[in-house]
Amino acid sequence: MEGDVIAFVGPDEEAQRYVEQRRQQPIQIIDARGKLAAPGLIDPHTHAVYAGHREFEFSMRLRGAAYMDILRAGGGILQTTQQTRLATEEELREQTEKRLDRFLAHGVTTIEAKSGYGLNIDAELKQLAVAHALNETHPVEVIPTFMGAHAVPPEYGGDTDAYVQHIIEEMLPAVSNQGIAEFCDVFCEEHVFTLEQSRRILEAGKRYGLKPKLHADEIAVTGGGAELAAELGAVSADHLLNASSEGIRRMAERGVIAVLLPGTAFFLMKRPADARAIIDAGVPVALATDCNPGSSPTESLPFVMSLACLTMGMTPAEAIAACTINAAHAVGRANRIGSLEAGKRADIVLFDAPNPEYLVSHYAVNLADTVIKKGRPVIRGGVRQRR
Ligand code: NIG
Ligand code: FE
């Protein structure tokens with residue numbers, strides 16, 4: 001590495017020669033013998049900026065309540081919205097920072113983070129501002145996505161069309177004016193936003209330069225989400241538990257990435273997406289935690305890799321590619337991160353694992369030993385290094 005960039009990658013002898021030619025420069029050597037060097041992991045789908053927590057819902061679901069019923073009764077996303085609206089920017093920043101610490105500890109050096117717990121202009125902008133501000137103070141890079149269409153806030157009394165209108169006419173201009181969000185996402189789902197409403201929002205988002213993403217075919221079997229993502233040329237379609245084979249075929253045609261979230265399926269006790277069929281159809285697959293207080297409270301992307309193999313038929317190599325280079329594509333950063341190549345940013349994890357299969361099979365345990373962000377070791381021997 002030189003500065004914050006990977007300067008050279010190659011076999012031992014060539015590396016030796018490379019180092020010798022630079023004897024005059026101060027050189028620091030990090031001994032990675034016996035470890036697995038991987039690109040810093042990238043989580044392309046999180047809702048990590050929120051206030052409060054909802055473990056009582058976990059207990060409700062264990063007693064048989066359905067995730068969507070809790071939301072329809074005013075809980076779920078709307079519960080977190082209440083708490084996020086009440087939180088000051090400082091409180092929101094502190095709570096999110098803890099999650100970023102845990103991401104980093106697991107070897108995650110970049111995350112995407114959605115708004116969508118504000119559901120009014122001020123609170124949505126507050127979430128995006130916090131995501132953006134954390135980039136200045138925390139090693140984990142946070143890529144903000146506007147997701148005002150995550151649920152319909154109670155003040156609209158169920159008038160989804162009126163809220164959609166508000167998003168298009170007022171929220172999007174404000175978000176664009178703030179200039180922080182890169183993507184626009186919609187929870188396209190039965191009882192939330194219809195295909196038509198999702199299309200209108202994402203098309204309006206595009207006009208403001210926000211690249212479309214979509215929560216597609218997660219819960220209801222009626223579907224059409226994958227097809228819509230393809231029609232819009234979305235960067236990614238996410239979840240896809242109930243995507244149709246026609247929808248998957250169209251995603252392959254349009255080059256839409258599938259972001260799969262087996263941790264969410266696991267936590268909601270649902271059958272996960274058919275990753276094998278999606279990959280075999282020619283759709284690139286990325287993996288993400290979905291980190292959020294209701295359907296996936298975790299920052300462990302490595303555990304998601306294990307689940308991807310155990311529950312969705314992916315290979316360890318596919319799981320690692322899905323959390324690195326494919327995930328980089330899913331957040332529009334493949335030219336800078338996601339692989340160990342000269343010229344890319346020096347975001348590197350050393351896992352205490354002799355090979356990729358070991359890493360992915362040693363499940364639910366954190367093996368990240370050293371985490372290097374922009375050329376700087378920020379975790380060594382599992383311990384956070386402060387400047
Ligand atoms: O991706 N599906 C919608 N949104 C999140 C859940 C958010 C929440 O429950 O707070 C998801 O699963
Ligand atoms: Fe999500």
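Both counts, for ligands and for their atoms, begin at 1 and track the order of listing.
At under 3.5 Å, not a single nitrogen or oxygen of Thr80, backbone or side chain, sits near a nitrogen or oxygen of ligand 1. Annotation: Thr264 places no N or O atom under 3.5 Å from an N or O atom of ligand 1; distance criterion only.
Taking every non-hydrogen atom of His239 and a distance limit under 4.0 Å, the qualifying atoms of ligand 1 come out as 1 (O), 11 (C), 12 (O). Counting the atoms of ligand 1 from 1 in the order shown, those under 4.0 Å from a heavy atom of His215 are 1 (O), 2 (N), 3 (C). Each of the atoms 6 (C), 7 (C), 8 (C), 9 (O) of ligand 1 lies under 4.0 Å from some heavy atom of Tyr67. Residue contact check: Ile77 has heavy atoms under 4.0 Å from atoms 7 (C), 8 (C), 9 (O), 10 (O) of ligand 1. Within ligand 1, the atoms closer than 4.0 Å to a non-hydrogen atom of His45 are 1 (O), numbered from 1 in the order shown.
For atom 4 (N) of ligand 1, the nearest protein heavy atom (residue, atom name, distance) is His150 NE2, 2.8 Å. Looking from atom 12 (O) of ligand 1 to the surrounding protein, the closest heavy atom is Ser295 OG, 2.6 Å. Regarding atom 10 (O) of ligand 1, its nearest protein heavy-atom neighbour is Tyr117 OH, 2.6 Å. What sits closest to atom 2 (N) of ligand 1 on the protein, heavy atoms only, is Glu218 OE1, 2.9 Å.
Angle NE2(His45) to the Fe ion (ligand 2) to NE2(His47), rounded to 10°: 100°.
The pair Glu112-Lys213 fails the salt-bridge criterion, with no side-chain N (NZ, NE, NH1 or NH2) lying under 4.0 Å from an Asp/Glu carboxylate O. Remark: Glu253 does not engage Arg250 in a salt bridge, criterion side-chain N to carboxylate O under 4.0 Å. Between Glu90 and Arg93 there is a salt bridge, since at least one side-chain N of the basic residue sits less than 4.0 Å from a carboxylate O of the acidic one.
Side-chain atoms of Arg85 come within 3.5 Å of backbone atoms of Gly118 as a donor-acceptor pair (strictly under, hydrogens ignored).
Outside the 6.0 Å centre-distance limit, the rings of Tyr208 and Phe146 are not counted as a close aromatic pair.
For the residue pair His45 and His215, a side-chain donor N or O sits within less than 3.5 Å of a side-chain acceptor on the partner. Side-chain polar atoms of His239 and Asp217 form no donor-acceptor pair below 3.5 angstrom. Side-chain atoms of His166 and Asn120 include no donor-acceptor pair closer than 3.5 Å.
For the pair Arg61 and Phe267, the cation-pi criterion (under 6.0 Å, within 45° of the ring axis) is fulfilled.
Of all the N, O or S atoms in Asp290, the one closest to the Fe ion (ligand 2) is OD1. His215 contributes NE2 as its N, O or S atom closest to the Fe ion (ligand 2).
Because the distance cut-off is set at 2.8 Å, Asp238 fails to qualify as a neighbour of the Fe ion (ligand 2), as none of its N, O or S atoms comes that close.
Atom CG of Asp31 has more than 12 heavy atoms from other residues, nucleotides or ligands within 6.0 Å.
At least one heavy atom of Arg54 sits under 4.0 Å from some atom of ligand 1. Asp290 counts as a contact of ligand 1, since one of its heavy atoms falls under 4.0 Å from the ligand.
Using bins of under 30°, 30° to 60° and over 60° for the plane-to-plane angle, the ring pair Tyr50/Tyr117 lands in the perpendicular bin.
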